[in-house]
Q: 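Sharing a structure with you now.
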Amino acid sequence: MKPARYNGLFAATLTPIKSCGKVAIDRIEPQIERLISRGVKGLYVCGSTGEGVSLTTAERQAVTAESIRAVSGRVPVLVQVGHNSLVEAAELAAHAATSGAAGISATCPSYFKINSVDVLVDSMKLIAAAAPDLPFYYYHIPSLTGNRISMTEFLTLGSDSISNLVGLKFTAPELHEFQQCVELNNGRFEIMWGVDEMLLAALSVGGKAAVGSTYNIASPLYCRLIEAYAAGDIVKAREFQSQAIAFINVVVKFPFHSAMKQILRWQGGAEDSFCRLPQRDLSLSQITSLHSQLSTIGFFDWCN
């Protein structure tokens, strides 16, 4: 199966959750409309940013179905189906296919750690086989899964037995490994970058599409970065990347998902959206501090 060859930003969407802990399905459509209007070229649903691992299978299916319905074919929707239960992951993959997803992606099981490329390939094969007509992207995020197996080895071995393996969502700072994956087998695979702080660096070694959390709150900034790079204005592109680094450095001082949803509320993009335990919402003092620090660096002036 050939990859789609995407370009631009895919927002790793935040899942709107009510204060009572229930998923706010009715808030998904306005969130998606906002993202598309702000230059996002695709969506990555139920990933780390979307608290997918904290949602039930039924909730993930509901979020997937509503996201695809709301998009109505305007941009591709990739669905993250990874689960500690490979059986559940396969069920989610099959559901994504019947719902009209453009592709599926999956993390590996993380409670029982995978320690060999053979086991990783066999595990992902079980998931991908449940949606054989959809492109499959392995979600490489070793900081959360603990799996630091070589991705060039995975792609090489996996391509022999996973017919719909087309690439990766590469969320790790090892730029040299990302470049190797991009160039592997004359660019056979589609490697989507996943570290927002290093988008410019990824573009410089051949990256084309990126999946990120902070595209929810600052996609216009990143679009300007991509445009500047494409125009050969590296100085301006570096300026935009520096602004992104500055605000991310502020956000990561706080519980990340909670801070992101608070910023979305300030921007009018996440009414009454909270986090699900074990993540907690920000305290009043944290909210005040977050706003103050973002204002100091000028975030609210250049995030749009």
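For the single chain, residues carry numbers from 1 onward in sequence order. Not measured: the values here are computed from a predicted model.
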Q: Provide the full list of salt bridge (charged side-chain N to carboxylate O under 4.0 Å, His left out) pairs with a residue in residues 113-134, sequence neighbours left out, each pair given once.
A: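 Salt bridge (charged side-chain N to carboxylate O under 4.0 Å, His left out) check on residues 113-134 returns no pairs.
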Q: To the nearest 0.5 Å, what is the distance between CD (Gln243) and CD1 (Ile248)?
A: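 Result: 12.0 Å between the selected atoms.
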Q: With distance as the sole test, does Thr296 use its side chain to make a donor-acceptor pair with the main-chain N or O of Ser292 at under 3.5 Å?
A: yes
Q: Between Arg188 and Lys2, is there a donor-acceptor pair closer than 3.5 Å when you use the side chain of the first and the backbone of the second?
A: no
Q: Cationic tip of Lys169 within the cone over Tyr44's six-membered ring, i.e. under 6.0 Å and within 45° of the normal?
A: yes
Q: Can I get a per-line list of side-chain donor-acceptor pairs under 3.5 Å for residues 176-187, giving both atom names and the distance, sequence neighbours left out?
A:
| unit_1 | atom_1 | unit_2 | atom_2 | d |
| --- | --- | --- | --- | --- |
| Glu177 | OE2 | Met151 | N | 2.8 |
| Gln179 | NE2 | Glu183 | OE2 | 3.0 |

Q: Where the side chain of Asn164 meets the backbone of Ala131, is there a donor-acceptor pair that is under 3.5 Å apart?
A: yes
Q: Under 3.5 Å, side chain of Glu59 to main-chain N/O of Thr56, donor-acceptor pair present?
A: yes
Q: For residues Ser67 and Ile32, determine if any side-chain heavy atom of one lies less than 4.5 Å from a side-chain heavy atom of the other.
A: yes
Q: Does Tyr137 share a hydrophobic cluster with Leu155, counting links as ILVMFWY side-chain heavy atoms below 4.5 Å and allowing steps through other members?
A: no
Q: Decide, yes or no, whether a salt bridge links Arg27 with Glu66 under the criterion of side-chain N to carboxylate O below 4.0 Å.
A: no
Q: Do Ser48 and Ile141 have side chains that get closer than 4.5 Å, going by heavy atoms?
A: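 A side-chain contact under 4.5 Å exists here.
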Q: Does any part of the side chain of Phe256, heavy atoms only, come nearer than 4.5 Å to the side chain of Thr214, both counted from C-beta?
A: yes
Q: Does a side-chain heavy-atom distance below 4.5 Å link Lys253 with Gln293?
A: yes
Q: Treating Ile, Leu, Val, Met, Phe, Trp and Tyr as nodes and any side-chain heavy-atom pair under 4.5 angstrom as an edge, say whether Ile217 and Leu282 lie in one connected cluster.
A: yes
Q: Are Val63 and Ile104 connected in the hydrophobic side-chain network, where two residues link if heavy atoms are under 4.5 Å apart?
A: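 Same hydrophobic cluster.
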Q: Do the charged groups of Arg69 and Glu29 touch, with an N to O distance under 4.0 Å?
A: yes
Q: By side chain to side chain donor-acceptor pair (under 3.5 Å), which residues pair with Thr107, not counting sequence neighbours?
A: none
Q: Would Glu33 and Arg74 pass as an ion pair if we require N to O under 4.0 Å?
A: yes
Q: Could you check whether the rings of Trp302 and Phe299 sit parallel, tilted or perpendicular, using 30° and 60° as the cut-offs?
A: perpendicular
Q: When the ring planes of His291 and Phe300 are compared, do they come out parallel, tilted or perpendicular, using 30° and 60° as the limits?
A: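 Parallel.
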Q: How about Phe274 and Lys261: do any of their side-chain heavy atoms sit closer than 4.5 Å?
A: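 Side chain of Phe274 against side chain of Lys261, heavy atoms only: no contact under 4.5 Å found.
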Q: Report yes or no: does His95 contribute a side-chain atom to a donor-acceptor pair with the main-chain N or O of Thr57 at less than 3.5 Å?
A: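 No.
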Q: Should Val75 and Val40 count as side-chain neighbours, where that means a heavy-atom distance under 4.5 Å?
A: no
Q: So, Arg38 side chain and Pro220 main chain: donor-acceptor pair closer than 3.5 Å or not?
A: no
Q: Is the shortest side-chain N to carboxylate O distance from Glu227 to Arg224 below 4.0 Å?
A: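 Between Arg224 and Glu227 there is no salt bridge, as every charged N stays at least 4.0 Å from the carboxylate O atoms.
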